[in-house]
Amino acid sequence: MKARTRFAPSPTGYLHVGGVRTALFAWLIARQTGGTFILRLEDTDKAREVEGSDKHITDSLRWLGLDWDEGVDVGGPYAPYKQSERLDIYKEWAQKLLEKGRAYADPYTPEEVNVFRGQAKAAKRPFLFRNHRPESAGQRAAVWDGTQPLRFKSEPKAYSWHDEVMGDLSASEEAIDDIILIKSDGYPTYNFCHIIDDLLMQCTHVIRSQEFIASVPKFLNLYEALEIEKPLLATVPFVMGLDGKKKLSKRDGAKDILDYAREGYLPESLVSFMATLGWNDGTEQEIFTIRELMEKFSLDRVQRGGARFDQQRLLWVNGHFIRELPIDELYDRSKDFWPPEATKYDEAYKKSVLAIIQERLKYLAELPHLTGFFFTDPPVNPELVSSHKQLKKLEKNQIKQLLEQSKAALTASDFSIQDLTTRLNQLLESTGQKPAILFSLVRIATTQAPASPGLADTLAVLGREVSLRRIDIALKTL
RNA sequence: GGCCCCAUCGUCUAAUGGUUAGGACACCGGGUUUUCAUCCCGGCAACCGGGGUUCGAAUCCCCGUGGGGUCACCA
């Protein structure tokens, strides 16, 4: 079956890992069946709308590679894909319910409803609006002037249904209530318009996050009243925050997905990480390419409980994908992350730097930290020697002598990796020193860094002039 | 409080009635001529509790417990 799935965010801010994972699952189902992925904007709450978040959302999805075939920006056969532009459609369908006697005008003010709610709460009972239905509720062809909220006249009953992720679910009639279809400002509620849109846009699956699970019986009641068939339902569990208790939320500092882009996480890392946060294919494979996910993903293997966001694991996944990248590609992707001093250097030099730091790069934003000494002479840091567990035992003139010997050996080198390796080894023999002493000393003199790539590699990239100059500087400051 | 969902190492998870409960991240050791990283080897570490059903239960059922969601003119 060619699936038609959708992601339907509301433009109330940025997207975080929790929301994007739901989008990813929907996208994967569409792609693996050769179907259609739809991006619909649920902008029916004008009060909560945040300027610019529609662009932020599309930017985020595009960065991740989650492309949509129909929807905002690209259009499609069921346009418009912004709910605020579909108000007439919802009114039409509301009218149908009105005519069937399945909708009615809510005569109460919000304050009056709040009183009912307060009473229910005080009595430790769930608040059900249907217990307060006015006499006129559901009279056939009742008039509704549009200034009051329009409510659904529900038919309370128990339901059991199947969920593609959660399995067989059920709920009693207490879950059914007279939900608002159209608000007094003329905009529909999510509860109503998503059902109409999913129908008209012919969505085969409704894949959404867990907070909606308690509303499903209400939706089932609505499907019946509208005499329409329900799509396949899939409920995706939450991504939990660091504390493992609550779902990831902006309120608790969940990161904007584009922050990961800015920090130099690769989109394929995020995709693999998010997919395996609550899903696996039953094998011991830990990391998946997007193509593999398209092939292997299935809703019935999605975990039913929430999964905690694990930053360490994301870092590991990202490091993995960075290491897999060919240098040219890594170079293209790193363009925005070099330290400022690097601008003076050419592409070939920067690629040679990348080649030797690639395996220790976990995210691109740490590029400056890892490569600074390749572009500028770092200030001498005596502490690197004085706190070194071997070097600190040496006398000053002993260090000086070793550095002089190193300088002499390196002066004779052509600075190819091979020749440097050979001469460094010879130096070990002629000085009778252990690598831990000699190599550390040369490494610190030339990089002034607590950690750096292999010595011969580093010297070869730095080149003769820079390497010898830095040894001289180190000698002078002794 | 009602309704609903969930429950395996610290974390992400495997197991579909029979395994010494497996893997990965993290952590801790060891190795790969310095450091850091990679890679390799090793270690630590879990079936929420109690009852059933069964020859046999992490797995099925019931009852607890714990966590979460929901009960908006938000989505």
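Quick note on labels: first sequence line is chain A, next is B, and so on, each numbered from 1.
- Nearest nucleotide to the side chain of A:A214, out of B:rG69, B:rG23, B:rA75: B:rG69.
- For the P atoms, the distance from B:rA14 to B:rC48 is 14 Å, rounded to whole Å.
- Nucleotides B:rG30 and B:rU16 have their C1' atoms positioned 39 Å apart, rounded to a whole Å.
- For the pair A:L128 CG and B:rG1 C1', the interatomic distance rounds to 13 Å; values are reported in whole Å.
- A centroid separation of less than 6.0 Å is found between the aromatic rings of A:F273 and A:F309.
- Regarding A:D457, its CG atom lies at a distance of 14 Å from the C1' atom of B:rU33, rounded to whole Å.
- With no hydrogens or angles considered, no side-chain donor-acceptor pair links A:T283 and A:Q285 at under 3.5 Å.
- Between A:K218 and the phosphate of B:rC71, there is no side-chain N or O to OP1/OP2 separation shorter than 4.0 Å.
- Across B:rC5, B:rC3, B:rC73, the shortest atom-to-atom separation from the side chain of A:L169 is found for B:rC5.
- Ring to ring, A:F297 and A:W279 are close: their centroids are under 6.0 angstrom apart.
- OP1 and OP2 of B:rU13 both lie 4.0 Å or more from every side-chain N or O belonging to A:N280.
- Across B:rA24 and B:rU53, the matching P atoms stand 40 Å from one another, rounded to whole Å.
- Between the side chain of A:R308 and the base of B:rU11 there is no donor-acceptor pair of N/O atoms closer than 3.5 Å.
- Contacts of A:S10 with the nucleic acid, taken as non-hydrogen atoms under 4.0 Å apart, involve only primed sugar atoms and P, OP1 or OP2.
- Contact check, A:K124 against B:rC3: no side-chain N or O comes under 4.0 Å of OP1 or OP2.
- Comparing the P positions of B:rU20 and B:rC28 gives a spacing of 32 Å, expressed to the nearest Å.
- Using Watson-Crick or G-U wobble geometry with both donor-acceptor distances under 3.5 Å, B:rC27 finds its partner in B:rG43.
- Between A:R470 and A:D377, at least one side-chain N (NZ, or NE/NH1/NH2) sits under 4.0 Å from a carboxylate O, which counts as a salt bridge.
- A salt bridge does not link A:D185 to A:K46: none of the charged nitrogens lies less than 4.0 Å from a carboxylate oxygen.
- There is a side-chain donor-acceptor pair under 3.5 Å between A:D163 and A:T235.
- Judged by the 6.0 Å distance and 45° axis criteria, A:K255 is positioned over the aromatic ring of A:Y260.
- Counting non-hydrogen atoms under 4.0 angstrom, A:N425 reaches a base of the nucleic acid.
- Remark: A:R133 fails to qualify as a cation-pi partner of A:Y104 under the 6.0 Å distance and 45° angle criteria applied to the six-membered ring.
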Considering only nitrogen or oxygen atoms on both sides, find all protein atoms under 3.5 Å from nucleotides 38-43 of chain B and state each distance.
from   : atom 1 : to     : atom 2 : distance (Å)
B:rU38 : OP1    : A:K362 : NZ     : 3.1
B:rU38 : O3'    : A:R323 : NH1    : 3.4
B:rC39 : OP1    : A:R323 : NH1    : 3.4

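- Comparing A:R125 and A:K246 against RNA chain B, the residue whose closest nucleotide sits nearer the 5' end is A:R125.
- The nucleotide B:rU65 finds its pairing partner in B:rA7, both defining distances of the Watson-Crick or G-U wobble pair being shorter than 3.5 Å.
- Within 4.0 Å (heavy atoms only), A:S452 reaches at least one base atom of the nucleic acid.
- Of the charged side-chain nitrogens involved, none lies within less than 4.0 Å of a carboxylate oxygen, so that A:R208 and A:E42 do not count as a salt-bridged pair.
- A salt bridge links A:D106 with A:R151: the closest approach of a Lys/Arg side-chain nitrogen to an acidic carboxylate oxygen falls below 4.0 angstrom.
- OP1 and OP2 of B:rA7 both lie 4.0 Å or more from every side-chain N or O belonging to A:R304.
- If you check every strand for non-hydrogen atoms under 4.0 Å, A:T44 touches sugar and phosphate atoms only.
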Query raised in the report: Would A:T44 and A:Y190 count as a side chain to side chain contact (heavy atoms under 4.5 Å, CB included) if you check the C-alpha gap in whole Å, the side-chain angles of each, and the deciding distance to 0.1 Å?
Result: CA-CA 8 Å; A:T44 57; A:Y190 164 84; 5.5 Å; no

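- Residue A:T235 is out of contact with every strand shown, counting any heavy-atom pair closer than 4.0 Å.
- Straight-line distance between the C1' atoms of B:rA45 and B:rC71: roughly 41 Å, to the nearest whole Å.
- Between A:R48 and B:rC73 there is no side-chain N or O to OP1 or OP2 distance below 4.0 Å.
- Taking a pair to require two hydrogen-bonding distances under 3.5 Å in either a Watson-Crick or a G-U wobble arrangement, B:rU54 remains unpaired.
- Distance noted for atom P between B:rG43 and B:rC36: 24 Å (whole Å).
- At the heavy-atom level, A:G319 lies nowhere under 4.0 Å from the strands shown.
- Shortest non-hydrogen contact noted between A:F192 and A:A94 is CZ-N, 3.8 Å.
- The phosphate of B:rG69 (OP1 or OP2) has no side-chain N or O of A:R208 nearer than 4.0 angstrom.
- Neither OP1 nor OP2 of B:rG23 sits under 4.0 Å from any side-chain N or O of A:T283.
- Rounding to whole angstrom units, CH2 of residue A:W279 and P of B:rG23 are separated by 20 Å.
- Pair assignment for B:rU70 gives B:rG2, based on Watson-Crick or G-U wobble hydrogen-bonding distances that are each under 3.5 Å.
- A salt bridge is absent between A:K400 and A:E404; no separation between the charged side-chain nitrogens and carboxylate oxygens falls under 4.0 Å.
- Pair assignment for B:rU20 gives none, since no Watson-Crick or G-U wobble pairing has each distance under 3.5 Å.
- Classification of A:R48 and A:D45 as a salt-bridged pair holds, one side-chain N sitting under 4.0 Å from a carboxylate O.
- As judged by a 4.0 angstrom heavy-atom cut-off over every strand, A:Q312 is placed among residues touching the sugar-phosphate backbone only.
- The interatomic distance linking A:F129 (CZ) with B:rC73 (P) rounds to 9 Å, in whole Å.
- Spacing of C1' atoms, B:rA58 relative to B:rC27, comes out at 26 Å, to the nearest Å.
- Remark: the separation of the P atoms in B:rC60 and B:rU8 is 13 Å, to the nearest Å.
- Straight-line distance from the NZ atom of A:K245 to the P atom of B:rG66: 11 Å, rounded to whole Å.
- Contacts of A:F309 with the nucleic acid, taken as non-hydrogen atoms under 4.0 Å apart, are absent.
- Closest to the side chain of A:E42, out of B:rU34, B:rC5, B:rA75, is B:rA75.
- Counting only heavy atoms from C-beta on, A:Y190 has its side chain closest to B:rA75 among B:rA75, B:rC5, B:rA14.
- When the C1' atom of B:rG1 is taken as reference, atom NZ of A:K121 falls 10 Å away, rounded to whole Å.
- Residue A:L315 is out of contact with every strand shown, counting any heavy-atom pair closer than 4.0 Å.
- If you find the closest nucleotide of RNA chain B to A:P126 and to A:G454, the one lying nearer the 5' end belongs to A:P126.
- Atom CD1 of A:I287 and atom P of B:rU13 are 16 Å apart (whole Å).
- For RNA chain B, the residues of residues 146-163 of chain A within the heavy-atom distance limit of 4.0 Å (strictly under) are A:P149, A:R151, sorted by number.
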